[in-house]
Amino acid sequence: MELSTATETRPDPLPVVVRLSLAELTVLSDRLGGVELPFDLTGADTGRDSSDQEDRLEERLSGGAPSAGQRARNRLAAARASARERPQEIGLRLSELGLVDGGGTPVHDVVAAFGVLAGPEALLVLDLAVTRRAGEDRLRSWFAVVGSQVVQLSTASGLTFELAWYDVAHLPGALARAATVEDDSAGAGGPASPLALPFELFSDGTEAVRRGREDLLAELVRIAPTATYLAGEEVPADEVAPLVTSLEQASCGRLRVLVSAAQPDAVRRTAGVVSWLRVGDGWRSLTPVTRDGVPVVEIAVVTPRDLARAVSPVLAQVLR
């Protein structure tokens with residue numbers, strides 16, 4: 001499937017967008033028989049599960065602070081309690097939104113949307129995190145695709161959600177909006193583009209910079225293969241460490257889109273991953289390639305509109 005970013009000539013229906021609290025979302029799920037959503041709603045507040053050992057380890061390492069999994073369960077438990085305590089209020093809200101009929105039953109479009117979320121042919125999971133002056137911006141979006149239908153569920157807080165459904169022709173615009181970040185930084189823009197770094201320098205070298213280990217970075221540069229290029233030109237050995245340092249110090253966020261496909265056994269298979277790095281006030285794509293037998297990460301300037309082009313080949317492979 002080709003995701004065109006050009007103006008479409010056919011009159012595709014405009015996206016339908018509704019904003020829901022977690023409590024309202026759980027009520028809709030319950031009224032549809034506990035339909036499965038891209039993230040775990042059912043059973044998340046019923047006690048320990050298979051992730052508890054990791055959660056307890058995270059809590060110990062963080063000095064007793066609740067783990068991410070435990071925080072999610074706490075939010076869900078609070079949402080379910082709110083739904084039980086305010087059934088009429090939530091029911092009225094869903095009715096005002098046109099999501100349920102007079103008897104409280106979800107309308108046809110909602111049933112269809114939740115059906116796509118529960119059983120997509122392809123699922124795109126977008127994770128975005130950007131460090132800001134006032135803290136960190138987080139966004140997670142699920143794009144479920146069945147044929148020409150897309151249902152999107154997004155949240156920045158885990159407490160409020162945006163549910164939308166639309167024709168696949170609107171998917172490029174939705175991906176671009178998800179990747180659009182208003183910049184409030186005055187930091188450096190990072191090295192020029194395109195930049196090619198040996199994989200070890202990109203992964204371990206930037207980690208050494210984060211830890212303040214200039215000695216480790218120097219050793220990594222010493223043993224790294226000669227495969228660092230900037231704007232097509234080979235970078236001299238004595239300039240590689242400052243280049244890696246500049247890249248890491250200018251980095252302020254990441255974006256990842258994981259594309260998975262449904263299988264006959266109901267297990268989802270990862271078809272591909274698109275990864276971007278936020279550098280200064282813009283995005284850089286991270287493309288793993290092999291150059292002369294050396295694993296290399298190519299880092300190039302991209303814009304939010306390029307996200308659909310990056311995702312399109314993987315999605316086409318899933319839906320063909």
Side-chain angles (χ1 to χ4, degrees), residues 1-6 36-40 116-130 138-155 164-181 193-200 202-203 206 227 251 253-279 282-291 293-320:
M1 171 177 287
E2 180 68 24
L3 294 181
S4 173
T5 56
E36 183 179 354
L37 293 174
F39 59 96
D40 183 23
V116 172
L117 282 173
E121 295 173 358
L123 180 66
L124 285 64
V125 181
L126 181 148
D127 280 298
L128 178 149
V130 175
R138 298 297 302 268
L139 174 69
R140 197 169 201 205
S141 291
W142 298 264
F143 302 83
V145 184
V146 172
S148 64
Q149 295 179 300
V150 180
V151 178
Q152 178 183 349
L153 187 64
S154 303
T155 183
W165 54 89
Y166 44 82
D167 186 271
V168 72
H170 296 288
L171 182 55
L175 289 169
R177 283 191 296 275
T180 299
V181 177
S193 171
L195 168 64
L197 282 177
F199 182 80
E200 290 80 2
F202 175 74
S203 60
T206 53
S251 299
R254 288 181 179 270
L255 179 150
R256 185 186 75 165
V257 179
L258 175 67
V259 183
S260 61
Q263 297 296 290
D265 57 3
V267 175
R268 304 207 65 82
R269 174 181 60 83
T270 299
V273 180
V274 174
S275 294
W276 286 6
L277 183 69
R278 187 78 179 177
V279 177
W283 290 109
R284 306 286 177 95
S285 61
L286 304 177
T287 306
V289 297
T290 300
R291 177 177 291 184
V294 177
V296 171
V297 178
E298 291 188 345
I299 307 167
V301 170
V302 285
T303 69
R305 289 180 59 85
D306 294 320
L307 187 54
R309 296 188 182 95
V311 169
S312 181
V314 183
L315 187 57
Q317 179 183 3
V318 170
L319 296 177
R320 66 184 177 185

For the student: nearest non-hydrogen atoms of [X] and [Y], plus distance:
{"X": "V302", "Y": "S285", "value": "CG2-N, 3.6 Å"}
{"X": "A196", "Y": "R291", "value": "CB-NH1, 4.1 Å"}
{"X": "S251", "Y": "L277", "value": "OG-CD2, 3.5 Å"}
{"X": "P313", "Y": "A310", "value": "CD-O, 3.5 Å"}
{"X": "V297", "Y": "F199", "value": "CG2-CD1, 3.7 Å"}

Please name all residues satisfying side-chain hydrogen bond (donor to acceptor under 3.5 Å, both in side chains) with [X], sequence neighbours left out, ordered by chain then number.
{"X": "T287", "answer": "none"}
{"X": "Q149", "answer": "none"}
{"X": "S154", "answer": "S141, Q152"}

Counting C-beta onward and ignoring hydrogens, is there a side-chain heavy-atom pair between [X] and [Y] closer than 4.5 Å?
{"X": "W283", "Y": "L255", "result": "yes"}
{"X": "V145", "Y": "P120", "result": "no"}
{"X": "T155", "Y": "W142", "result": "yes"}
{"X": "V279", "Y": "I299", "result": "no"}
{"X": "V146", "Y": "E121", "result": "yes"}
{"X": "L307", "Y": "L126", "result": "yes"}

Test of understanding: with side chain to side chain contact (heavy atoms under 4.5 Å, CB included), list the residues that count as partners of [X], not counting sequence neighbours.
{"X": "A227", "value": "P198, V294, V296"}
{"X": "V314", "value": "V259, A271"}
{"X": "V273", "value": "R256, L258, T270, S275"}
{"X": "T180", "value": "P304"}

Rounded distance [0.5 Å steps], [atom1] in [X] versus [atom2] in [Y]:
{"X": "E298", "Y": "L195", "atom1": "CD", "atom2": "CG", "result": "9.5 Å"}
{"X": "L315", "Y": "L171", "atom1": "CG", "atom2": "CG", "result": "7.0 Å"}
{"X": "L175", "Y": "R309", "atom1": "CG", "atom2": "CZ", "result": "12.0 Å"}

ask   = So, does S193 use its side chain to make a donor-acceptor pair with the main chain of V301 at under 3.5 Å?
value =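 The answer is yes, because a donor-acceptor pair under 3.5 Å joins these two groups.
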request  = Go through the structure and list residues passing salt bridge (Lys or Arg N to Asp or Glu O under 4.0 Å) with R177, not counting sequence neighbours.
outcome  =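 R177 satisfies salt bridge (Lys or Arg N to Asp or Glu O under 4.0 Å) with no residue once adjacent residues are dropped.
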ask   = Can you name the residues that form a salt bridge (Lys or Arg N to Asp or Glu O under 4.0 Å) with R254, not counting sequence neighbours?
value =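 Testing R254 for salt bridge (Lys or Arg N to Asp or Glu O under 4.0 Å), a comparison that skips the adjacent residues, returns none.
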